[in-house]
Structures are given as structure tokens and as C-alpha cells.
Trainee: 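Following this message is one structure expressed as C-alpha cells.
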Amino acid sequence: MQPFIICHMISSIDGRIVPDRWTLPVDGVNRDSLVNQYYDVEKTYDADGWIIGRATASEHFVNTTEPRKGTNNQFPREPYVAQNLTERLAIFMDPHGKLQYERSDIEGDGIVAVLADNVADDYLQTLRDNGISYCFAGPDGRNIQQAVAVLGNTFRRRKLLLEGGGLINGAFLQAGVINEISLMIYPGIDGVSGIASSFDWVCATDNEPARGQALSF
């Protein structure tokens, strides 16, 4: 079973995604009330999980540290499903195992860490001890198609919201696994180049997104 993935984002008119940098609406409407409409739309999708990258997770939810070093031959590199898994999941793309969790959920949504094969066994043991599920995305943690397949087949997800940042969104777009894009445009600008955008992809200039399927907007 392949989950249906919706990339749900809000950006300024010039495509930037850091709300604190946006100019105020010219009509005097409260900025927060406009941004909160993003979350109202999110609820209408009735998704059973959401996906963000390590940088976004560390900014809003979880502390980070340097990756642990040690052996990686104690546990098989197979998905681990915690017994307390919830109906809705918070999925964090964290190849190097930098996120340090203090609980197994985010506001009731059970955490699933998506890791590289080479994370230390000690880190996996800590996740297990804290009741946190995990799976793998290849040797470097960047095999998006593998991770998405596991989220569907093992974790039985039917619909997932991909909610950035730009590098994770770009990686999913490049992998050809995004089915739909929901992009809300805030009536203001950032105005500075180099600030995170809805989709970022570091690659050669002639590299293009995967063309496996058409996207709906």
C-alpha cells in the first residue's frame, strides 16, 4: 500500500516559508489569523500522519545533538513498531539520528524516526526504550521511495501530509512520491534571496524533478 502524499505549505508571495520575516498585510488584517488558516485547511485533509525534516523538528519540537558513534550490527535494519503506536503519526526525517526525544509523541501523535542504516545501535536502543518507532531509508537515509513504501506497508498509512522544510519537500518531489500540492499564498513578501523556500533541491542545474506521475494542485 502506497500512502497518498500531500505537500501542504504556506509561503509568502515570493515563495519563502519563514513567517516571522513576512511583511504585514496591507489591509490591516492580523498576520497570525491568516497564518492560522493553514492549520484549518490541514484538518480538512483527514491525514493519518505528517512528515517534516530534522531542521524543522529541532526548531519546533525536539532538541538535537551530535550523532552517536558506535557499532551498528546489534539490531537488524528493519522497521520497529512501538507497542504504543497511535492512529496519527509524526514522522521525522532524521538520517543521522540527531534528534533527542523526551517523549514518544507530539501532542498525541506517535513519533516515527526515519533513519540511515548506519546510525549507532545505541541510538536505536534509546528509541526503543522511549517507545519510539523507527524505520530506515537506505545507507545514507535518503532513499525516499523506500521510506514511503515502509510507511504504507508496515505502518499502514493511507494519507500523509508533507510539511517541509524546503529541502525535505524538494527531496520528496525529486523522488516522485508527492501526489498533490496544497500551497497557500500569504499576502506579503520576504524579499531576500537565499531564505528557505517551499521546495529546495541542491543539484546540478540540468537536474529535474522525477516525472513518474502528474501532480494535482
Side-chain angles (χ1 to χ4, degrees), residues 3 5-22 35 38 42 47 49-67 89-101 106 109 111-119 123 134-151 157 160-186 189-213 215 217:
I5 295 182
I6 303 168
C7 184
H8 179 51
M9 297 294 294
I10 181 171
S11 80
S12 60
I13 293 172
D14 52 344
R16 311 305 178 192
I17 59 173
V18 183
D20 291 345
R21 297 182 50 86
W22 298 342
V35 173
Y38 168 85
E42 178 186 72
W50 45 281
I51 306 170
I52 58 175
R54 180 198 57 78
T56 303
S58 62
E59 180 179 355
H60 298 286
F61 302 111
V62 188
N63 293 326
T64 61
T65 188
E66 289 301 311
L89 300 182
I91 302 161
F92 295 159
M93 307 298 294
D94 182 27
H96 303 296
K98 292 184 177 182
L99 295 175
Q100 303 298 306
Y101 305 98
I106 301 296
D109 297 342
I111 296 171
V112 176
V114 181
L115 310 165
D117 293 346
N118 61 3
V119 296
Y123 184 74
Y134 60 78
C135 64
F136 297 93
D140 60 359
R142 302 184 187 280
N143 189 332
I144 302 297
Q145 293 177 336
Q146 174 181 323
V148 168
V150 171
L151 292 171
R157 297 300 99 180
L160 297 171
L161 294 180
L162 175 63
E163 300 183 299
L167 289 175
I168 290 298
N169 291 348
F172 273 68
L173 184 65
Q174 174 66 19
V177 297
I178 297 176
N179 301 100
E180 181 175 319
I181 294 177
S182 167
L183 181 59
M184 300 180 64
I185 305 299
Y186 170 88
I189 64 170
D190 182 304
V192 177
S193 63
I195 303 299
S197 61
S198 300
F199 295 91
D200 288 319
W201 177 250
V202 180
C203 61
T205 56
D206 60 349
N207 194 285
E208 297 181 351
R211 298 182 179 275
Q213 57 186 352
L215 299 176
F217 291 81

Trainee: Hey, what do you get for CE (M9) to CD (E163), rounding to the nearest 0.5 Å?
Mentor: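 Going from CE on M9 over to CD on E163, the span is 8.0 Å.
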Trainee: Roughly how far, to the nearest 0.5 Å, is the CD1 atom of I91 from the CG atom of L161?
Mentor: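 Separation between the atoms: 10.0 Å.
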Trainee: Taking C-beta and beyond as the side chain, do C7 and F199 meet within less than 4.5 Å on heavy atoms?
Mentor: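 Counting from C-beta outward, C7 and F199 do come under 4.5 Å.
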Trainee: Measure the acute angle between the ring planes of F92 and W50, then classify it against the limits of 30° and 60° as parallel, tilted or perpendicular.
Mentor: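 Perpendicular: the ring planes of F92 and W50 meet at over 60°.
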Trainee: Please report the closest heavy-atom contact between I189 and S12, naming both atoms and the distance.
Mentor: CA-CB, 4.0 Å
Trainee: Is the closest side-chain heavy-atom distance between P67 and V119 below 4.5 Å?
Mentor: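 Side-chain contact under 4.5 Å: no.
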Trainee: Which heavy-atom pair separates G97 from Q100 by the least distance, and what is that distance?
Mentor: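 Looks like O-NE2, 3.9 Å.
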Trainee: Would you check if I185 and I13 make a side-chain contact, meaning some heavy-atom pair closer than 4.5 Å?
Mentor: yes
Trainee: Side chain to side chain donor-acceptor pair (under 3.5 Å) with E42: which residues, sequence neighbours excluded?
Mentor: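 For E42, no residue satisfies side chain to side chain donor-acceptor pair (under 3.5 Å) once neighbours in sequence are set aside.
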Trainee: Show me the pairs that pass salt bridge (charged side-chain N to carboxylate O under 4.0 Å, His left out) and involve residues 189-199, at least two apart or across chains.
Mentor: R21-D190
Trainee: Looking at every heavy atom in both N169 and S198, which two are closest together, and how far apart are they?
Mentor: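 Closest pair (atom of N169, atom of S198, distance): ND2-O, 2.9 Å.
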Trainee: On a heavy-atom basis, which atom in D140 and which in A116 lie closest, and how many Å separate them?
Mentor: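 In this case the closest contact between D140 and A116 is C-CB, 3.5 Å.
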